[in-house]
Peer 1: 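My questions will all concern the structure given below.
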Amino acid sequence: MLYLYNTLTKEKELFQPLDPHHIKMYVCGPTVYATPHIGNARPPVIFDVLYRLLKEIYPNITYVNNITDVDDKINARAKELGIPIRELTDSTLKLYQDMTKSLSILSPDHMPRVTDHIPEIILFIQKLVDLEFAYIVSDHVLFEVGKYKRYGKLSNKTLDQLIEGSRIEVAPYKKDPRDFVLWKPSDEETPGWESPWGRGRPGWHIECSALIKTFLGETIDIHGGGIDLTFPHHENENAQSICAHDGEPLAKYWFHNGLITVNGVKMSKSLGNIILLEDVLKEYNGEAVRLTLLSAHYRQPLDWTRKRTESSAETLKKFYNALDGYSGNGSVDQKLFSKFLNALNDDLNIPLGLSIMHEITGLIHKADNVSRETFQATLKKCGELLGLLGKNYQKDLSPKELELIEQRKKARADKNFALSDQLRDELKELGVIIEDTKEGQKWSKI
RNA sequence: GGCCGAGUGGCAGAGUGGUCAUGCAGAGGACUGCAAAUCCUUGUACAUCGGUUCGAUUCCGGUCUCGGCCUCCA
């Protein structure tokens, strides 16, 4: 029984799929204009775990994650760099794909690029115009918020509050300051597509509505993203999709992850406290970064510190240590695995799940040879669900490393401890950890 | 200002109306040539003030502090 916290109802709810034979999930993907930071990495990792969990429970799931490659931020950035837009989006997309690889994120079933689906977007907007939920003014197509009575339900805002906030851009042609752009005109230099409303480009929110419709249908099970997308992005998406689809809900469960903070405050471009993923990966391997991203409950903020990442790396070492010597043939201890699964099923309580993995680690060390394999298989299986412990960590050693290991073995046999200690230090410098056990000298590589 | 969320032991971080979170760090011990790993032992934790209750860290209300959204943002 899977329970998920639903932003729409503000409650933890039993997950009841629309169709248990086909689960549909959509997560808002990146706008490809800037080097990914660790905040960009949290949703893909969190949703990757949810994806793995759903796969464990249900036979068939379609997960769609879009790539936004048309956006004014992209245009501005390309101009600043003096490079063609396509070059910027392609190279940034490549960085995101690299991130996926280094953080062991499974590929979603579809990763559509928005620019490959402009006709669907135009059709979607046309429908809203035809139904009179949208109006055309000054070459723009605007969604008329006032026509959707439940606007604000998702983000828990009343119409009055939004007006009082009054930080909304008030273009003079808007009927209502809250109305938002579905389509806007492009000048010669700006990317644009021919449409019934002239040459232009889509507004921010419409792409997701159109892509969901295209790939998954009118109503999906889970729609997700960072909590900061709730308003205005998801609120607007929700409004336009519901209006286009005769009141059918867009998503049954709205699932949002908390944000990454630095010294307690949100990491954001405007504050300039961005930590780039590539910089973190220079110091720590992807798996340690992944575990760090999973080390707090997904809805809680996660304060990014060096100490935290180091602690994750240590934890991984401990887990891998416990898996040492595993044949790969153990059978999973169902009782322990259920305990772990129950933790994840309870609104993705990954920290609790990790504590169970620690418990299993202890059991491995205390077990006899027969049950050890079972516990190791179980730990491995738990790790799999979190996208961890998949590495074959006993990597090949270089000839030099092998040579040093041999030398040390000999030195110990000769009881030349001064030399053996020196060789151990040398190997450590190379990243090879030597441990002496009853069975003799053992090595592992970080 | 409005709407959310949070305050747990040295740190990180779950959770619960009444015997255990867990990890790291610390202390003591076992093992070891020394380490490391591992094992055993070890901690008057739940912002604050009231209320409900036989009993609250857990429920309710007030207060304080912090964060998020209301603007591009994952």
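Predicted model only: the values in this text are computed from it and were never measured.
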Peer 1: Expressed as a whole number of angstroms, how long is the span from A:Lys266:NZ to B:G67:P?
Peer 2: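 Rounded to whole Å, this separation is 13 Å.
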Peer 1: Using atom P of each nucleotide, how far apart are B:C4 and B:U22 to the nearest Å?
Peer 2: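 Between the two P atoms, the distance is 36 Å.
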Peer 1: Measuring from the side chain of A:Lys269 (C-beta onward, heavy atoms only), which nucleotide among B:A21, B:A74, B:A14 has the closest atom?
Peer 2: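 So the side chain of A:Lys269 is nearest to B:A74.
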Peer 1: Would you measure the distance from the C1' atom in B:C64 across to the matching atom in B:A30 and give it in whole Å?
Peer 2: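 49 Å, rounded to whole Å.
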Peer 1: Just verifying a value: how many Å separate A:Ile350 CD1 and A:Leu294 CG, rounded to the nearest 0.5 Å?
Peer 2: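 Atom-to-atom, A:Ile350:CD1 and A:Leu294:CG are 5.0 Å apart.
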Peer 1: Taking atom CD1 of A:Ile67 and atom OG1 of A:Thr92, what is their separation to the nearest 0.5 Å?
Peer 2: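 The CD1 atom of A:Ile67 sits 10.5 Å away from the OG1 atom of A:Thr92.
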Peer 1: Please determine whether a side-chain nitrogen or oxygen atom of A:Lys157 lies at a distance below 4.0 Å from atom OP1 or OP2 of B:C4.
Peer 2: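 So the side chain of A:Lys157 is outside the cut-off, no N or O lying under 4.0 Å from OP1 or OP2 of B:C4.
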Peer 1: My understanding is that a pair needs two contacts under 3.5 Å, Watson-Crick or G-U wobble. By that rule, which nucleotide pairs with B:G7?
Peer 2: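 B:C64 is the nucleotide pairing with B:G7.
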Peer 1: For B:C39 and B:G23, measure between their P atoms and round to the nearest Å.
Peer 2: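 The answer is 9 Å between these two P atoms.
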Peer 1: Can you tell which of B:A74, B:C40, B:A6 lies closest to the side chain of A:Gln300?
Peer 2: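 Nucleotide nearest to A:Gln300's side chain: B:A6.
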Peer 1: Could you tell me whether A:Lys73 sits above the aromatic face of A:Tyr33, with NZ or CZ closer than 6.0 angstrom to the six-membered ring centre and within 45 degrees of the axis?
Peer 2: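 So A:Lys73 does make the cation-pi contact.
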Peer 1: B:C34 base to A:Asp436 side chain: any donor-acceptor pair below 3.5 Å?
Peer 2: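 In this structure, the two groups form a donor-acceptor pair.
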Peer 1: Got a donor-acceptor pair under 3.5 Å from the side chain of A:Arg424 to the base of B:A35?
Peer 2: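 Such a pair is found, so the answer is yes.
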Peer 1: Would you mind classifying the nucleic acid contact of A:Lys307 as base, sugar-phosphate or nothing, using non-hydrogen atoms under 4.0 angstrom?
Peer 2: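 Sugar-phosphate: the residue A:Lys307, judged by heavy atoms under 4.0 Å, touches backbone atoms but no base.
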Peer 1: Name the nucleic acid region contacted by A:Arg77, choosing base, sugar-phosphate or nothing; use a 4.0 angstrom heavy-atom cut-off, strictly under.
Peer 2: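 Nothing, no nucleic acid heavy atom in range.
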Peer 1: Taking only N and O in the side chain of A:Lys366, is any of them less than 4.0 Å away from OP1 or OP2 of B:C40?
Peer 2: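 Indeed, a polar side-chain atom of A:Lys366 lies that close.
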Peer 1: Please give the distance between the C1' atoms of B:U41 and B:C46 as a whole number of Å.
Peer 2: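 25 Å, rounded to whole Å.
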Peer 1: Do A:Glu80 and A:Arg77 sit within salt-bridge range, that is, some charged N less than 4.0 Å from a carboxylate O?
Peer 2: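 Yes, charged N to carboxylate O under 4.0 Å.
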Peer 1: Among the candidates B:G33, B:A36, B:U22, find the nucleotide nearest to the side-chain atoms of A:Ser420.
Peer 2: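 Output: B:G33.
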Peer 1: Side chains of A:Thr230 and A:Glu235: donor-acceptor distance under 3.5 Å anywhere?
Peer 2: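 There is no such pair (donor and acceptor under 3.5 Å, judged by atom type) between the side chains of A:Thr230 and A:Glu235.
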Peer 1: Partner of B:C20 by Watson-Crick or G-U wobble geometry, both contacts under 3.5 Å, or none?
Peer 2: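 Looking at the geometry, B:C20 pairs with no nucleotide.
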Peer 1: Hey, does the side chain of A:Arg308 come within less than 4.0 Å of B:G13's phosphate (OP1/OP2), counting only N and O?
Peer 2: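 So the side-chain polar atoms of A:Arg308 do come within 4.0 Å of the phosphate oxygens OP1 or OP2 of B:G13, strictly under.
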Peer 1: What nucleotide, of B:G68, B:A14, B:G23, holds the atom closest to the side chain of A:Leu352?
Peer 2: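 Selected nucleotide: B:A14.
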Peer 1: Does A:Asn349 place a side-chain N or O at less than 4.0 Å from the phosphate oxygens OP1/OP2 of B:G15?
Peer 2: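 Answer yes for this pair, as a side-chain N or O of A:Asn349 is under 4.0 Å from OP1 or OP2.
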Peer 1: How many angstroms lie between CG in A:Asp98 and CG in A:Leu93, if you round to the nearest 0.5 Å?
Peer 2: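 Output value for this atom pair is 9.5 Å.
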Peer 1: Please confirm whether the shortest side-chain N or O distance from A:Asn40 to OP1 or OP2 of B:A74 is below 4.0 Å.
Peer 2: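 Yes, A:Asn40 has a side-chain N/O under 4.0 Å of OP1/OP2 on B:A74.
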Peer 1: Looking at every strand, decide which applies to A:Gly362 at a 4.0 Å heavy-atom threshold: base, sugar-phosphate, or nothing.
Peer 2: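 Result for A:Gly362 = sugar-phosphate.
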Peer 1: By nearest heavy atom, map A:Ile227 and A:Leu354 onto RNA chain B; which one lands nearer the 5' end?
Peer 2: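 Its nucleotide being nearer the 5' end, the pick is A:Leu354.
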Peer 1: Kindly say whether, by distance alone, the side chain of A:Asp421 makes a donor-acceptor pair under 3.5 Å with the base of B:G33?
Peer 2: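 Yes, a donor-acceptor pair under 3.5 Å.
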Peer 1: When the P atoms of B:G62 and B:A21 are considered, how many whole Å apart are they?
Peer 2: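 The same atom, P, in both gives a distance of 31 Å.
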Peer 1: Take atom P in B:U71 and the same atom in B:G18, then report the distance between them in whole Å.
Peer 2: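 So the two P atoms sit 43 Å from each other.
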Peer 1: Write down the distance separating the P atoms in B:G28 and B:A12, rounded off to the nearest Å.
Peer 2: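 Taking atom P in both B:G28 and B:A12, they lie 25 Å apart.
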Peer 1: Looking at B:G5, does its base get a donor-acceptor pair with the side chain of A:Arg299 below 3.5 Å?
Peer 2: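 Under the 3.5 Å cut-off, the side chain and the base do not form any donor-acceptor pair.
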Peer 1: Please assess A:Lys24 against A:Asp109 for the test salt bridge (charged side-chain N to carboxylate O under 4.0 Å, His left out), listing each intermediate value before the final yes or no.
Peer 2: CA-CA 10 Å; A:Lys24 297 168 181 176; A:Asp109 300 287; over 6 Å; no
Peer 1: I need the CD1-C1' distance between A:Ile105 and B:A74, as an integer number of Å.
Peer 2: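 The distance from CD1 of A:Ile105 to C1' of B:A74 comes to 12 Å, rounded to the nearest Å.
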Peer 1: Could you work out the separation of B:A74 and B:C69 based on their C1' atoms and round it to a whole Å?
Peer 2: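 Result for the C1' pair: 14 Å, nearest Å.
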Peer 1: If I take atom NZ in residue A:Lys438 and atom C1' in nucleotide B:A36, what distance separates them, rounded to the nearest angstrom?
Peer 2: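 Answer to the nearest Å: 14 Å.
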